[in-house]
Amino acid sequence: MTVKPSQNPRISTRLLQLKTPKTEPTTTPTTSSPWNTRLRELANQSLFTEALSVYREMLRFGASPNAFTFPFALKSCAALSLPFVGSQLHCHVIRSGCDPEPFVLTSLISMYCKCALIDSARKVFDENTQSMKLSVCYNALLSGYVLNVRYCDAFMLFRKMRELGVEINAVTMLGLIPACAGPGYFWLGTFMHCCCVKSGLDVDLSVANCLVTMYMKCGSVDYGRRLFNEIPDKGLITWNAMISGYAQNGLATHVLALYREMKTCGVLPDAVTFVGVLSSVSHLGARSVGCEVEQQIAANGFGRNPFLSNALINMYARCGNLKKARAIFDCMPVKSVVSWTAIIGGYGMHGRGEVAAQLFDEMIRSGVRPDSTAFVSVLSACSHAGLSDKGSNYFAAMEKQYGLQPGPEHYSCMVDLLGRAGQLNEAWELIKSMRVKPDGAVWGALLGACKIHKNVELAEIAFEKVIDLEPTNIGYYVLLSNLYSVAKNLEGVSRVRVMMRERNLKKDPGCSYVELKGRVHLFLAGDRSHYQTVEIYKMLDELENLFEELGGSNRIDREKRSEEKHSAGMAMHSEKLAIAFGLLNTSPGTEIVVIKNLRICGDCHLFMKMVSKIVDRQFVVRDATRFHHFKNGFCSCKDYW
DNA sequence: CTAGGGTTAG
């Protein structure tokens, strides 16, 4: 779409007046420079509404805007995304004769781009700037293309710049590099990296930071880290790029380690740092660490930052303190769809589906439009609480009322919902009716439901599909094998084992974490590298003996153990190690927090139940399903804090 | 013209 600047000056001025509140002027200069100074100050402080207000006053008092006025007024329009006011300003620019000024032209191009009016931006560019071959104008249009996800146009313009010999500087790269930041764009990213090295622009700190972010967004964590290590004078933004990158890739322990390293280097964290750290803390379920970070946030005066509030809501919800999560949510002056999604998800994961659904309705009443992620959180809340009717209604409303195409992630929630409710055939029918291709999660949800309801026949169908899509996901093999063993189908158990062996899939050692005095300790199955290993195994031995003395209750466990000894590589369960470690280091009456992948390993609770019978300890289990990343790379029994 | 940020399952 192209917006034409209004040709009628009276109308255009009136439009601007409508958009801004009246303020009484303290002085009434008719020369423009005092106005320009004020306008620039406000725009630089991000007070854009006020800046536009000053512009309006300026016109009212007969001062003429000039080349030092327009860039800041246009910047304010861009920031507030006011395309109509912007095009009025364009008209004023033309009337004032400022249009050949490069600073004004770039501001115009950028304003149109940020208002998503790329064609208008291109028109300004074509009509005025081509003969000048000015880098700034090309950069403005190029970053605008990237902003509007028109990567091909951006790269074509980049090629043209090289052909015409337009100067390519750091800002060009900063505009273009984010276009390579997505899963699958890795090779394009390395090409851009090469371009930067060849032109010597990689020594620019902001370009280097941008490249680090790009690699992390591509999922190329190793490349990102390597580049990070090579940056000699790391700034706060460098650290943040790396920390956020780890957080986005689910590498929570890396985040915490790097955060500590950053502090030892004497770099002071800011709000962005805390956002990344908090999201990792909530994934690890390390409540006390989260509280420590929260105190720092309060001490640094970042309490009002909406990004941080959302991260805190999530952290408290995941760490089991729903009340506090709710309190933070209630205090937020502006609740975005992300805030609502976080609190809804919080109630959902605590099984409070009714509240989650109420909140979802409240969100809609408050005028916030749910997005596809919000639907995932409400649907999963319904499935955990067994609210199948409610869930189905939301699922239907999604497309009908909000025009959102349900993706595989929504279907997997629905399959889970129907499946848990025992409606296995309905779940299967739903999968068959899907217009998008079901992914592993969808079939996996069906497989999980089959495990709960002991439906071997359907499980075999789901297994075949899921293994086709995710052949190396060991969890599904384990799930089917466990189902066979519950159904006493020993032939099935060995068949799955043979499959795993043939595909050379070794079950990754399970892992568990224990939070102790604000530190998170990680244990792998069969791990012997912990400094208290001897004591831990001794304690486990004693426990086993006690169970046997208590009589019979441990028969299953013993059978399992002998079975485990036969299959090579199986070792002491990680949660047992974690529990023993917790017992060793806490006094009676205290709560032990165990973080465990609950989906694949179900017998964690049995062991704890038996332990609680004989010792005075309470266990709190938190789910760590998502954190399989820990097993790669960073894992030994390290003390992360 | 210009580097870093929050939400989602199984």
Side-chain angles (χ1 to χ4, degrees), chain A residues 71 75 102-103 105-107 109-110 113 134-144 169-175 177-178 204-214 216 235-245 247-248 270-279 282 305-315 317 336-346 348-349 371-381 383-384 407-417 419 439-449 466 470 473 475-476 479 597-600 623 625-626:
Chain A
K75 191 182 166 187
F103 194 12
L105 286 173
T106 21
S107 303
I109 294 167
S110 172
C113 289
L134 274 173
S135 181
V136 268
C137 295
Y138 279 85
N139 290 348
L141 187 64
L142 190 138
S143 62
N169 55 24
V171 182
T172 319
M173 291 306 181
L174 293 175
I177 292 167
D204 187 300
L205 184 58
S206 42
V207 172
N209 294 339
C210 197
L211 284 167
V212 170
T213 306
M214 185 261 316
M216 296 311 273
L236 173 61
I237 294 185
T238 319
W239 287 95
N240 285 346
M242 201 63 214
I243 287 178
S244 311
Q248 285 154 8
D270 72 350
V272 180
T273 322
F274 287 132
V275 167
V277 172
L278 272 183
S279 98
S282 59
N305 184 311
F307 281 80
L308 267 181
S309 298
N310 292 334
L312 277 172
I313 292 171
N314 190 244
M315 192 269 289
S336 72
V337 66
V338 177
S339 324
W340 286 100
T341 304
I343 195 76
I344 290 167
M349 70 183 88
D371 62 0
S372 141
T373 313
F375 272 105
V376 173
S377 74
V378 77
L379 287 176
S380 86
S383 89
H384 287 307
E409 64 276 31
H410 302 100
Y411 280 101
S412 65
C413 287
M414 285 307 291
V415 169
D416 192 62
L417 185 109
D439 64 357
V442 175
W443 290 111
L446 186 64
L447 181 60
V466 83
E470 296 179 28
N473 192 329
Y476 298 128
L479 213 52
N597 184 334
L598 295 179
R599 190 174 152 70
I600 292 175
D623 194 7
T625 311
R626 300 160 50 108

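Below, each value reflects all heavy atoms present in this structure, side chains not excepted, and no hydrogens, waters or symmetry copies. The sequence lines fix the lettering, A, B, ..., with proteins before strands; numbering per chain opens at 1. None of these values were measured; they are calculated from a predicted model.
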When you measure from the side chain of [X], which nucleotide among [options] comes out closest?
X: A:Cys210; options: B:dG6, B:dA9, B:dA3; answer: B:dA3
X: A:Ala140; options: B:dG6, B:dT7, B:dC1; answer: B:dC1
X: A:Ser339; options: B:dG10, B:dG6, B:dC1; answer: B:dG6
X: A:His384; options: B:dG5, B:dC1, B:dA9; answer: B:dA9
X: A:Glu470; options: B:dG10, B:dA3, B:dC1; answer: B:dG10
X: A:Ser244; options: B:dT2, B:dG5, B:dG10; answer: B:dG5
X: A:Val338; options: B:dT7, B:dA3, B:dG5; answer: B:dT7
X: A:Ser383; options: B:dA3, B:dG10, B:dG6; answer: B:dG10
X: A:Phe307; options: B:dG5, B:dA3, B:dT8; answer: B:dG5

By the 4.0 Å heavy-atom rule, please label [X] as base, sugar-phosphate, or nothing.
X: A:Phe103; value: sugar-phosphate
X: A:Ser336; value: base
X: A:Ser412; value: nothing
X: A:Ala271; value: base
X: A:Asn169; value: nothing

Stem list for DNA chain B, please, built from Watson-Crick and G-U wobble pairs under 3.5 Å and keeping only runs of at least 3.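 DNA chain B forms no stems at all.
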
Heavy-atom side-chain contact between [X] and [Y] under 4.5 Å:
X: A:Ser143; Y: A:Leu174; answer: no
X: A:Pro178; Y: A:Cys210; answer: yes
X: A:Leu417; Y: A:Leu379; answer: no

Pairing residues for [X] by the side-chain contact (heavy atoms from CB on, under 4.5 Å) criterion, not counting sequence neighbours:
X: A:Leu205; result: A:Asn209, A:Ile231, A:Thr238
X: A:Val376; result: A:Glu409, A:His410, A:Cys413
X: A:Ser135; result: A:Asn139, A:Val166, A:Glu167, A:Asn169, A:Thr172

Separation of [X] atom [atom1] from [N] atom [atom2], in whole Å?
X: A:Asp439; N: B:dA9; atom1: CG; atom2: P; answer: 14 Å
X: A:Asn310; N: B:dG5; atom1: CG; atom2: P; answer: 15 Å
X: A:Glu409; N: B:dG10; atom1: CD; atom2: C1'; answer: 12 Å
X: A:Leu142; N: B:dT2; atom1: CG; atom2: P; answer: 11 Å
X: A:Leu417; N: B:dA9; atom1: CG; atom2: C1'; answer: 12 Å
X: A:Lys75; N: B:dT2; atom1: NZ; atom2: C1'; answer: 11 Å
X: A:Met214; N: B:dT2; atom1: CE; atom2: C1'; answer: 17 Å
X: A:Ile343; N: B:dT8; atom1: CD1; atom2: C1'; answer: 15 Å

Return all side-chain donor-acceptor pairs below 3.5 angstrom for residues 270-279 of chain A, not counting sequence neighbours, or 'none' if the list is empty.
| unit_1 | atom_1 | unit_2 | atom_2 | d |
| --- | --- | --- | --- | --- |
| A:Asp270 | OD1 | A:Asn240 | ND2 | 3.1 |
| A:Asp270 | OD1 | A:Val272 | N | 3.1 |
| A:Asp270 | OD1 | A:Thr273 | N | 3.2 |
| A:Asp270 | OD1 | A:Thr273 | OG1 | 3.0 |
| A:Thr273 | OG1 | A:Asn240 | OD1 | 2.6 |
| A:Thr273 | OG1 | A:Asp270 | N | 3.0 |
| A:Thr273 | OG1 | A:Asp270 | O | 3.3 |
| A:Ser279 | OG | A:Gly276 | O | 3.4 |

Counting only distance, no hydrogens or angles, is the base of B:dG6 paired donor-acceptor with the side chain of A:Asn305 under 3.5 Å?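 No such pair is found, so the answer is no.
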
Tell me whether the side-chain N or O atoms of A:Thr341 pair up with the base of B:dG6 as donor and acceptor below 3.5 Å, since no angle test is needed here.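 When only heavy-atom distances are counted, A:Thr341 does not reach the base of B:dG6 through any donor-acceptor pair under 3.5 Å.
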
With A:Thr341, the side-chain contact (heavy atoms from CB on, under 4.5 Å) member among A:Thr373, A:Asn310, A:Val378: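 Testing each of A:Thr373, A:Asn310, A:Val378 against A:Thr341, the sole residue satisfying side-chain contact (heavy atoms from CB on, under 4.5 Å) is A:Thr373.
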
Got a sec, which residues hit ring-ring contact (aromatic ring centres under 6.0 Å, His included) with A:Trp239, two or more places apart in sequence or on another chain?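 Expected list: A:Phe228.
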
Please determine if a side-chain N or O atom of A:His410 lies less than 4.0 Å away from the OP1 or OP2 oxygen of B:dT8.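 Looking at the OP1 and OP2 atoms of B:dT8, neither is under 4.0 Å from any side-chain N or O of A:His410.
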
